> 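Got a structure for you, written out below as structure tokens; questions coming shortly.
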Amino acid sequence: MQRLLYLHIPKTGGVAFRSVIENAVNAQKILHVKNPADLTSYKPAELECFDFIHGHLNINQTANAGNFKKITSLRHPVERCISTYSFWRSQDPNHGQWIAKGIARIRAAQKLSLEELISLDDLTISGPFSNHQTRLLSGAHEQETRLNSGHLQRAIKTLQSIDFFALNSKLDASIDMLCFKFGLFRPATVQIVNSSTHPEQISQSTRSMLEEMNSLDFQLLEWAHINFYRQSI
């Protein structure tokens, strides 16, 4: 099997795609990167003992994994944001898995409405609701507050250069293509986990704010839809 690296953009159906790959890999050969910055501390030779790496990674944080085939997945920006908010609200901030940033996000989501949350000046909390897919795929730093068309073009170049990108809206087709391209077993059914929906109706004003905040992500997704079936398999 080829070595794979999954650049997991949060709430894009990543656990479903990841599970297909994990079924084909020895558990001891999987590296789950909990803190994205940690991957940059590995030397390329140290990564050779792994067959699959995954985490919520910025494309620039994967530079030392040049021998890995890189894949990612995308989702409708507003759906992704609502799912992110609902996921944060459902979590226990006292669970040992969370680092300080995750704890702050969970507590804020449990206290604030979605509209209040995305309006915060604290980008540690509100940042994932503004062109987050473009941010991770362009290599933009968390502190870069204003993304522009240059970031969009860099994100598109990433999709053009990586080995495969999946679409949450085309889950079955994405899994079919993923398995065919990398010689993976295609399970009859794929378990959808970590799925969450907001328990209340999202107001039109909140949706309009999210649409405006994710204008680059909408353009990125449009490009991905046009080119999805043009990927080389």
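We number each residue from 1, following the sequence as shown. Predicted model only: the values in this text are computed from it and were never measured.
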> So does D172 pair up with R186, basic N to acidic O under 4.0 Å?
yes
> If you measure only the distance, is there a donor-acceptor pair under 3.5 Å linking the side chains of N168 and T12?
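No, no side-chain donor-acceptor contact under 3.5 Å.
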> Any chance the rings of F17 and H8 have centres within less than 6.0 Å?
no
> Once you round to the nearest 0.5 Å, how far does CE of M177 lie from OH of Y229?
7.0 Å
> Would you call L114 and F129 a side-chain contact if the rule is heavy atoms closer than 4.5 Å?
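They are in side-chain contact.
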> Which distance, rounded to the nearest 0.5 Å, do you find between the OH of Y6 and the CG of L178?
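It comes to 9.5 Å.
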> In terms of heavy-atom contacts, does CD of Q204 have more than 12 from other residues, nucleotides or ligands at under 6.0 Å?
yes
> Could you check whether T206 and S203, counting side-chain N and O atoms only, form a donor-acceptor pair closer than 3.5 Å?
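On atom types as modelled, these side chains qualify, holding a pair under 3.5 Å.
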> Can you check whether L137 reaches L74 side chain to side chain, under 4.5 Å on heavy atoms?
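Sidechains of L74 and L137: in contact.
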> Check whether R105 reaches the backbone of T124 with its side chain - one donor and one acceptor, N or O, closer than 3.5 Å.
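Between the backbone of T124 and the side chain of R105 there is a qualifying donor-acceptor contact (under 3.5 Å).
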> Can you see whether F87 has K11 sitting over its ring - NZ or CZ less than 6.0 Å from the centre and within 45° of the normal?
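Yes - K11 lies over the ring of F87, closer than 6.0 Å to its centre and within 45° of its axis.
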> Supply the atom-to-atom distance I9 CD1 to L57 CG, rounded to the nearest 0.5 angstrom.
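The distance works out to 10.5 Å.
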> Check the surroundings of atom CD in Q97: do more than 12 heavy atoms from other residues, nucleotides or ligands lie under 6.0 Å from it?
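Enclosed.
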> Is it true that, when you exclude D121 itself, more than 12 heavy atoms of the residues, nucleotides or ligands shown sit nearer than 6.0 Å to its CG?
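For D121, atom CG is not crowded (no more than 12 foreign heavy atoms under 6.0 Å).
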> With a 4.5 Å cut-off on side-chain heavy atoms, are K181 and D163 touching?
yes
> Would you call the rings of Y42 and F50 parallel, tilted or perpendicular, taking 30° and 60° as the class edges?
perpendicular
> Once you measure the plane-to-plane angle for F165 and W223, does it fall in the parallel (<30°), tilted (30-60°) or perpendicular (>60°) bin?
tilted
> Do H225 and L221 have side-chain heavy atoms sitting under 4.5 Å apart?
yes
> Any side-chain heavy-atom pair from S138 and T158 closer than 4.5 angstrom?
no
> State which residues pass salt bridge (Lys or Arg N to Asp or Glu O under 4.0 Å) with E48; sequence neighbours excluded, sorted by chain then number.
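Here the qualifying residues are R3.
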> Roughly how far, to the nearest 0.5 Å, is CG of L7 from NE2 of H54?
12.5 Å
> Measuring only between side-chain heavy atoms, which start at C-beta, is Q133 closer than 4.5 Å to P77?
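Q133 vs P77: side chains touch.
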> Rounded to the nearest 0.5 Å, how far does OG of S119 lie from CE of M209?
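Reported to 0.5 Å precision, the distance equals 3.5 Å.
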> State plainly whether one hydrophobic cluster holds both M213 and L120, where clusters connect Ile, Leu, Val, Met, Phe, Trp and Tyr through side-chain heavy atoms under 4.5 angstrom apart.
yes
